[in-house]
Amino acid sequence: MSQSLIKVGVVGAGIGRHHLAAYRALPHAVEIVALCDVNEARLNEIGTMYNVPRYFTDYNELFASGEIEAVSVCLPNSLHAPVSIAALEAGLHVLCEKPLAESLASSYKIAEAVARAPGKFMICFNRRYRLDVQWMKQVLRQGLLGRVYQVKAGWVRETGIPGWGGWFLNKTIAGGGPLIDLGVHMLDAVLWLLDYPAPLTVSGVVEANFGPRQAKTWQAPLTPVPYTVEDSATAFIRLAGDVTLSLETSWASHAKPGMDDFFITLMGTEGSIELYVANYATENTLTFYTEIGGKPVVTRPAVKISRSDHEYAITEFVRCIREDSVPTATVDQGLTLMKIIEAIYQSAEAKREVILTQDG
Ligand SMILES: NC(=O)c1ccc[n+]([C@@H]2O[C@H](COP(=O)([O-])OP(=O)(O)OC[C@H]3O[C@@H](n4cnc5c(N)ncnc54)[C@H](O)[C@@H]3O)[C@@H](O)[C@H]2O)c1
């Protein structure tokens, strides 16, 4: 186990700034060496904010520089594959933002590169590291829910179409709307809680009711741009082990003003857990329902979150590099989620259920 500082770089200075903050919180393990972004104003602003010594506008130059051992890929979804593959081929350890890629085809290309490369590869599925989600996992491990037979999960915003005019609204770059953006977090958290059962069938519906009329966006449109993704999606997924999952995601809806809430309810034969996170709440998010002596018992576990999700995820990435262990958020899990997401889009298009086979 090497005790020298791991030299890291970050590509993309949007959410990449959360990666910088999380690396900075590990000064005994990590040295932040470089930041890369094609937007030089952003590069300078964020680089200065986090005191980053080296700036790059071309990720290939950064990877060839020999100055870093690990990189966070924090770029628009369609760049996850080319940039992660280039980093892996340069011998780097890679932490790639979610989703794995904008499409299943690109996801397979990453998986092939991961299989060939010596470096670690981890996907930043940061929600699963939240302490309340970790607590749910502990309860499941202890068998306190009995057999989980039904899961309800979702992420619903009232006004939350992101980055008006940006890549999030472009199906070719993003791969989709709230389903691939927010839904992928909830799908990952649920499947991780259940030890990643295989998805068997998928039925989905997508809608675009607000985006096309430029309503309920975070930023007012500067110039009208085509809106080619959904703004809400619902799905019903059968998982191996006789579990059903109903999923709801939206960037925009007539709902409680300002709502930006995510939730997971696990229904079990001996107990149920409800996680409800209103506007990124960090406490009072859990309720546990069971019966004792034939009477219903309701418990509110005192779980309080004091670090950002990215800090937890990046701590895991750094630990895996230092200990030479396999990150828990694997490329195979990312592939499984992309199979589900693509099947939801296919099902919505065909207006019927899609059957997923074990191999694809
Ligand atoms: N895990 C989370 O909680 C979370 C939150 C937000 C975003 N994300 C993910 O992070 C990724 C980035 O999203 P974002 O919100 O930061 O987007 P963003 O548009 O705010 O930032 C992307 C940055 O990449 C830069 N960029 C674009 N092309 C580049 C290139 N070829 N080389 C170098 N830099 C380039 C842009 O200039 C921009 O600064 C997405 O995949 C998104 O899904 C994850």
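Order of appearance sets the numbers: ligands from 1, and atoms from 1 within every ligand. Note that this is a predicted model, so its numbers are computed, not measured.
Between K109 and E112, none of the side-chain N atoms (NZ, or NE/NH1/NH2) sits under 4.0 Å from a carboxylate O, so this pair counts as no salt bridge. A salt bridge links R116 with E89; the closest basic N to acidic carboxylate O contact falls under 4.0 Å. Remark: E31 engages K7 in a salt bridge, criterion side-chain N to carboxylate O under 4.0 Å. Taking a cutoff of 4.0 Å between a charged side-chain nitrogen and a carboxylate oxygen, K98 and D181 qualify as a salt bridge. Salt bridge annotation for K120-D324: present, with a cationic side-chain nitrogen under 4.0 angstrom from a carboxylate oxygen.
The CH2 atom of W155 lies 5.5 Å from the CG atom of L182; values are rounded to the nearest 0.5 Å. If you take CG on L179 and OG on S250, they are separated by 11.5 Å, rounding to the nearest 0.5 Å.
Using a 4.0 Å cutoff on heavy atoms, C74 counts as a contact of ligand 1. The closest approach between a heavy atom of H18 and any atom of ligand 1 is not below 4.0 Å. Heavy atoms of F125 come nearer than 4.0 angstrom to ligand 1 in no pair at all.
Here atom 24 (O) of ligand 1 lies nearest to L75 when heavy atoms of V10, L75, V73 are compared. Residue V38 holds the heavy atom nearest to atom 27 (C) of ligand 1 of all those in L62, V38, V83.
Ligand 1 has no nitrogen or oxygen under 3.5 angstrom from a nitrogen or oxygen of G12. Considering backbone and side-chain N/O of T57, none are found under 3.5 Å from N/O of ligand 1.
Listed by atom number, the atoms of ligand 1 under 4.0 Å from L79 heavy atoms are 28 (N), 29 (C), 31 (N). Close approach to R127 involves these atoms of ligand 1, each under 4.0 Å from a residue heavy atom: 3 (O). Of all the atoms in ligand 1, the ones that sit under 4.0 Å from a non-hydrogen atom of H310 are 1 (N), 2 (C), 3 (O). For ligand 1, the atoms sitting less than 4.0 Å from at least one non-hydrogen atom of H185 are 1 (N), 2 (C), 3 (O), numbered in the order shown with element in parentheses. Near F168, the atoms of ligand 1 lying under 4.0 angstrom from a non-hydrogen atom of the residue are 15 (O). Each of the atoms 18 (P), 20 (O), 21 (O), 23 (C), 38 (C), 39 (O) of ligand 1 lies under 4.0 Å from some heavy atom of R42. Distances below 4.0 Å separate heavy atoms of G14 from the following atoms of ligand 1: 16 (O), 20 (O), 21 (O).
In terms of protein heavy-atom proximity, atom 44 (C) of ligand 1 is nearest to E97 OE1, 3.0 Å. For atom 5 (C) of ligand 1, the closest heavy atom belonging to the protein is I15 CD1, 3.5 Å. Atom 41 (O) of ligand 1 has N77 OD1, 2.6 Å as its closest protein atom, hydrogens excluded (heavy atom only). Protein heavy atom in closest approach to atom 36 (C) of ligand 1: D37 OD1, 3.4 Å. The shortest contact between atom 42 (C) of ligand 1 and any protein heavy atom is with K98 O, 3.7 Å. Ranking protein heavy atoms by distance to atom 3 (O) of ligand 1, first place goes to N126 ND2, 3.1 Å. Among protein heavy atoms, the minimum distance from atom 19 (O) of ligand 1 is reached at W167 NE1, 2.8 Å.
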request  = Apply ring-ring contact (aromatic ring centres under 6.0 Å, His included) to F317 and H310, showing your working.
outcome  = CA-CA 10 Å; F317 179 56; H310 276 96; over 10 Å; no

inquiry  = Does L239 form a side-chain contact (heavy atoms from CB on, under 4.5 Å) with L194? I'd like the steps, not just the answer.
reply    = CA-CA 10 Å; L239 300 167; L194 301 177; 4.1 Å; yes

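Here the options are L200, T201, V202, the test is side-chain contact (heavy atoms from CB on, under 4.5 Å), and the partner is L356; only V202 passes.
Surrounding NZ of K137 are more than 12 heavy atoms belonging to other residues, nucleotides or ligands, all under 6.0 Å away.
Distance alone, capped at 3.5 Å, places no donor-acceptor pair between the S272 side chain and the Y289 backbone.
Checked by atom type, the side-chain pair D261/Y276 shows a donor-acceptor distance below 3.5 Å.
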